[in-house]
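A, B, ... follow the sequence lines: proteins, then strands. Residue 1 opens every chain.
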Amino acid sequence: MSAAATPPPEDLFGYAIPGPPPAGYRSHGRLEHVLRTGRFAVTAELNPPDSADPWEVYERAAVLSEVVDAINATDASGANVHMSSVGICALLTRDDLAPVLQVSCRDRNRIAIQGDVLGAAAMGVANVLCLSGDSVGVGDQPEAKPVFDFDCMSALETLRMMRDEAKFLSGRKLTEAPKIFLGAAINPFVPPYDFRPRRLAKKIAAGADFVQSNYCFDIDILREYMKRVVDMGLHETCFILIGVGPLASPKAGRWIRANVPGVHIPDAVIERLEAAEKPKNESKKMTVEFIQQIREIEGIHGVHVMAYRQEEMVADIVIESGALDGRKKAQIGIAGLRAQQERRMESIRKRRAAAEAQAKPSTKVD
Amino acid sequence: MYAVRKWSVTHARGLNRFYTLFEKAVVGFAPLFRAIGYDRLERPVAAVEHGEKSLLIDCQMCGQCALSSTGMSCPMNCPKSIRNGPCGGVRPNGMCEVKPEMRCVWVEAWRGAGTMGEAPIMEVQPAIDQSLKGRSSWLKVAREKSAAGEAE
C-alpha cells in the first residue's frame, strides 16, 4: 500500500486529523490515517436503536469507542427499520467519534444519496460505505418499495466523482467537494467463489478505497480468496478489512445461517459451540482466534467486528486478540479500558441528566 | 421463459456473435430509420424487440442493453436490478437470495462469461438511466453509433 509521508503520531488523535487531509489522503479521518500508516485497523458495527433517544446511541458508542478506529452506522441492515445511519453519524460526530456512514441503495434514489453524503461530509463524516442493500423481503416491512436506482458500483462511481471532480452525477458543480474515504462490502464466502476477487477488482475500479467483508467463519475460503487477491495485486490499491463476530449461541448460529442472507457458517463452528460448556465464552474465544488467524494472512489490513446485541463484548475481543498492538489503548488492558468506558458513560449520564433538567422548566413555562 | 433464458446463457458466445452482426445491420439501417423518423419507429420497434428478447432472455426493456457484458444473462431480472453483481446474498447453492427458486442472475452471467471471455464482464456498468425504460435499445444503438461514425 502506498504509505503516507507523515510519520505516525505517538498516540491516536480523535476522530479527525486537524486541518485539511494530508497529501495523498482522501479524508481527514482516523480510519484512513491508521491504514495509511501501516497499522492494523479495527472497526465495529453499532447496532442502531429503535428509539428517538440520542443517549442510546451514545451509550452503545461508548462501549466501542475505546477500541475501534471507526464505528459503522448501519443503514437499516437486513431491511429492518432502525434509527438512520445519517442520524447516528450526526450524533457521533458531535461526540468526536469517527463514524462510517453506510449508504444502502435499497431505500434511496440517486438524488437522496448524493444529498445525504454532502450533508454527512459537512458534519465531519470522513468514511462512507456503499452497499447495494439486503432485499426488503428479509426485513420487518416486506411491503416496502425497493428502490435500487443505483447499485453499489454506480454509487461508488458517483461519490468518487463528487469527491475528485467536485460535481454531481449530472455534472453540476459543487463549491466544496466531500473529503471522503470510500468503502464497499465484499463477501468471499458465497458463490460464485472464483468471481469474488474479480468483483473486488471492479469495486476498486469504481472507486473503493477500503472494503469490509461479511462475517468470516471459514478461514480456508478466506485464504483461497486472499491468495487470488494478492496475485491480482488488489491489496496494494485497496485496504481490506475482514468481518468477524461472536454468535450468542449455537441456536443463534443456526438461525443466522438459515435467515440472514450471505452469512456462511460451517457445521464445525456450530458443533464447537454446542460441545462447549459456555457457548457464549467459546464463541468469544473463537472470534479472538479468528482475528489472530486473519492477521497472519497476507494482504489483510484490519478487522471489522460485528457483535449483534453484544457490543459489550467487542472491547474484550479486540484487546484479547492483540489487534491494537503498538497503540497506547492496548497497553492499558481490559481493566483500564473498563475504567475509561465507565468515565465516558458517567459523562454521558451527567450530560443526559443536565439536558433533561434543562428541558423541564421550559415545559412548565408552557 | 426460464428454460429458454438458461439456454441463452449456455449459448452466450453464439448469441453474442449473432447480436454483434445484428447490431452492425441495425447501424447500417440508421439512414433509413432517420428518414422514417426515430419517434415514429419507437413503438413498433420496441414491441418487436420486447417480443424477441422476452422469449430469449426475459427482457425487462430497460432500454440500455448490457447483455454482451453480462454473459447474456439479463441483469434486470435480478430482484435488486444490480448491473454489477452478484451481491453478497447468493445462497450456497447459487440460487437467488430473494427468489430461492431462481438461479442468481449473476451466477448465470459468470457462467455465460465463461464462454465469451472475461473482459466484457469486468467492465463497470454505469448507473442505469431510468428515463429509457420501455424504449428500444436497438434504435438507441443505431442512433448513437451512426452519429459517432459520422463524427469520426
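- Comparing A:Lys203, A:Met153, A:His264 by how many heavy-atom pairs each has under 4.5 Å with chain B, the most go to A:Met153.
- Under a cut-off of 6.0 angstrom, the local environment of CD in A:Glu224 is sparse, with at most 12 non-hydrogen atoms contributed by other residues, nucleotides or ligands.
- In this structure the side chain of B:Ile121 reaches within 4.5 angstrom of the side chain of A:Phe195, judged on heavy atoms.
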Are B:Met122 and A:Arg198 close enough, and set up right, to give a side chain to side chain contact (heavy atoms under 4.5 Å, CB included), and what steps lead you there?
CA-CA 7 Å; B:Met122 290 304 290; A:Arg198 292 172 176 86; 3.6 Å; yes
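- Counting heavy atoms of neighbouring residues, nucleotides and ligands inside a 6.0 Å radius, atom CZ of B:Arg43 does not exceed 12 of them.
- For B:Glu118, the part lying under 4.5 angstrom from a heavy atom of chain A is the side chain only.
- Counting non-hydrogen atoms of neighbouring residues, nucleotides and ligands closer than 6.0 angstrom, the NZ atom of A:Lys173 exceeds 12 such neighbours.
- A:Asn187 places a side-chain N or O within 3.5 Å of a backbone atom of B:Gly88 that can act as its donor or acceptor partner.
- Applying the 6.0 Å contact sphere to CG of B:Leu132 captures more than 12 heavy atoms from other residues, nucleotides or ligands.
- Inter-residue side-chain proximity for A:Val260 and B:Glu97 is flagged as unmet; no heavy-atom pair is nearer than 4.5 Å.
- Neither the backbone nor the side chain of B:Arg111 comes within contact range of chain A; no heavy atom of the residue lies under 4.5 Å from a heavy atom of that chain.
- One N or O on the side chain of B:Lys80 and one on the backbone of A:Gly133 form a donor-acceptor pair closer than 3.5 Å.
- The environment of B:Arg13 atom CZ is sparse: at most 12 non-hydrogen atoms of other residues, nucleotides or ligands sit within 6.0 angstrom.
- Counting only distance, with no hydrogens or angles, the side chain of A:Lys202 and the backbone of B:Gly85 share no donor-acceptor pair below 3.5 Å.
- Nearest heavy-atom pair, B:Gly94 versus A:Pro191, reported as atom, atom and distance to 0.1 Å: N-CG, 4.1 Å.
- Of all heavy-atom pairs spanning B:Val90 and A:Arg196, the tightest one is CG2-NH2, 3.5 Å.
- For B:Pro92, the part lying near chain A is the backbone, with the side chain staying farther off; criterion is any non-hydrogen pair under 4.5 Å.
- Residue B:Phe29 places its CZ atom among 12 or fewer non-hydrogen atoms of other residues, nucleotides or ligands, all under 6.0 Å distant.
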Could you go through B:Val124 and A:Glu157, starting from their C-alpha distance and side-chain angles, then the distance that decides it, and tell me whether this counts as side chain to side chain contact (heavy atoms under 4.5 Å, CB included)?
CA-CA 9 Å; B:Val124 177; A:Glu157 281 192 318; 3.6 Å; yes
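- Summarising the geometry of A:Arg199 relative to B:Asn84, their closest heavy-atom pair is NH2-O, 2.8 Å, with the distance given to 0.1 Å.
- A pairwise comparison of heavy atoms in A:Phe148 and B:Ser81 identifies O-OG, 3.5 Å as the closest pair.
- Listed options A:Asp194, A:Leu131, A:Leu169, A:Val147 were ranked by heavy-atom pairs under 4.5 angstrom with chain B; first place goes to A:Asp194.
- Residues A:Asp149 and B:Gln130 meet the side-chain proximity criterion, which asks for heavy atoms closer than 4.5 Å.
- Here the straight-line distance linking atom OG of A:Ser135 with atom NZ of B:Lys99 works out to 10.5 Å at 0.5 Å rounding.
- With a threshold of 4.5 angstrom between heavy atoms, A:Ser132 approaches chain B through side-chain atoms but not through N, CA, C or O.
- A 6.0 Å sphere centred on NZ of B:Lys145 holds no more than 12 heavy atoms belonging to other residues, nucleotides or ligands.
- Here the closest non-hydrogen pair linking B:Pro126 and A:Ser154 is C-CB, 4.3 Å.
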